[in-house]
S.K.: 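Before I ask anything, here is the structure I am working with.
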2 protein chains.
Amino acid sequence: MAKVAKAELDLSTEEKIKEAASIVFTKKGYGNARTRDIAEEAGINLALLNYYFRSKEKLFQIVMAERIDKLFGVLAPILNDSTTTLEEKLDKITDNYITMLLEHPDLPIFVLSEIRNNPEQLSNRFQARKHLTESVFIKQLIARRNDINPFHFLMNLLGMTLFPFVAKPILQPIAGGEDNYRGMMEQRKKLIPGWIKMMLDNP
Amino acid sequence: MAKVAKAELDLSTEEKIKEAASIVFTKKGYGNARTRDIAEEAGINLALLNYYFRSKEKLFQIVMAERIDKLFGVLAPILNDSTTTLEEKLDKITDNYITMLLEHPDLPIFVLSEIRNNPEQLSNRFQARKHLTESVFIKQLIARRNDINPFHFLMNLLGMTLFPFVAKPILQPIAGGEDNYRGMMEQRKKLIPGWIKMMLDNP
DNA sequence: AAATTATTTAATCAAATGATTAATAAAATA
DNA sequence: TATTTTATTAATCATTTGATTAAATAATTT
């Protein structure tokens, strides 16, 4: 086999394991995930997992970093865009988040519960406070409402957007099943920005 | 020792284990919790744990049921109170929830992530849909706004109230430390009901 | 074609962990 | 008080589980 094809094969196996790890870790969490589960999910031998990624912990770190990026990657580029208004940012954030989370509904609960298990290591990685405080988004919020801590509005935005996914196992049956649930999430793409704007405008 | 004193001692040991289990399970989740951790936390021998509660799983079921009660017990009695207005309910829910969660901040993430691990068993326990749909609260919401699915407002209320605790490890540093975080949560007791009322009033 | 390197597997190890057992201590009962 | 029941412990078991090893196979290079 030629060199390119071999590299593809390498990548394929390594990627298969990473993909499987992502699925199993995200579904069960670190503590409940067995390396054997991951190997089976990837369709490979258990030893291969350790051959490619020395240990469960190492594999987890890689998966976790990528999952954190996925969850917060939606937010980061929008917050510091100085070409968009506050309203446009709100529209984008809710739309992008809800679209992504309808594809990956168990992402938030996974990331948040793993951060709980290891706050120092996982939470401090991003120096969120500084980055956020100096962001265009927060400045725009302050310019609009200097009487309320801007992080309140961020909590509201994230709470209304992410919480329905964090609590999906409870809320989906309440909403009347998967289809109704998805329908409501689609509605929220428009509703949430409207509500936030309302909060900002009414003193 | 007299009978009463003995009963007290029994209860004390059993309660000590349950209390320890509650602490360890809530902090680490089922999969990451070791029965030895629980025994140590309770200051008793490991075998005693199995003497009182046959297995880790059984002990967990008991703790879990009690934790679910704690998390949803705040909501249930308020939702069906026909003597209070919608506004009063909103005030009570946020106040009671935030007060309770400042004492037990890791409760929501624990319950929600365990429900994710076992949705059928834990989520179906409460026939939430029927109870909720027929609740005074939902009827009051519909009476006020028949153009929007009332569960949207419930998601907003719970999202704005619970999410800051679900995401505490991330938000607390952003807020500027524990004291600032608590201060903001206290503010939200008044802010959130105001925001929800605003959503209900503005068409 | 032979040698070298990379990949994959079956078998196995060692530690962690949930659970049990057998002995002892304490308490209740008769 | 003697006996029976209940509570507690130390030691140990059996399984699970993350990880390793040594051998086989496949791919690549020389």
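Residue numbers begin at 1 in each chain, while the letters A, B, ... track the order of the sequences.
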S.K.: Please encode protein proximity along nucleotides 16-23 of chain C as a string of B, S and -, counting only heavy-atom distances under 4.0 Å.
M.R.: -BBBBB--
S.K.: Would you say B/T13 and B/Y51 make side-chain contact, with heavy atoms under 4.5 Å?
M.R.: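 Contact flag for B/T13/B/Y51 side chains = no.
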S.K.: Salt bridge or not for A/K168 and A/E178, using N-O below 4.0 Å?
M.R.: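 Yes, this pair counts.
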S.K.: By the definition salt bridge (charged side-chain N to carboxylate O under 4.0 Å, His left out), identify the one residue from B/R188, B/K189, B/R182 that meets it with B/E186.
M.R.: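 Of B/R188, B/K189, B/R182, salt bridge (charged side-chain N to carboxylate O under 4.0 Å, His left out) with B/E186 is met by B/K189 alone.
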S.K.: Looking at B/K28 and B/D37, is any side-chain nitrogen of the basic one under 4.0 Å from a carboxylate oxygen of the acidic one?
M.R.: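 Result for this pair is yes, salt bridge flagged.
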S.K.: Would you mind reading off the distance between A/I44 atom CD1 and D/dA19 atom C1', rounded to a whole angstrom?
M.R.: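 Roughly 14 Å, once rounded to whole Å.
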S.K.: Without decimals, in angstroms, what is the distance between B/L48 CG and D/dT6 P?
M.R.: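 After rounding, the gap between these two atoms is 15 Å.
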S.K.: Check the distance between D/dT16's C1' and A/D37's CG and give it to me in whole angstrom.
M.R.: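 After rounding, the reported distance stands at 12 Å.
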S.K.: Check the distance between D/dG18's P and A/F53's CZ and give it to me in whole angstrom.
M.R.: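 These atoms are roughly 16 Å apart.
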S.K.: Just how far, in rounded Å, is C1' of D/dT9 from CD1 of B/I17?
M.R.: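 Atom-to-atom, B/I17 to D/dT9, this comes out as 13 Å.
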S.K.: Heavy atoms only: give me the nearest A/L102-A/F165 pair and the separation to one decimal.
M.R.: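 The answer is N-CE2, 3.8 Å.
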S.K.: Does A/K16 pair with A/E19 as a salt bridge, N-O distance under 4.0 Å?
M.R.: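 No, no charged N to carboxylate O under 4.0 Å.
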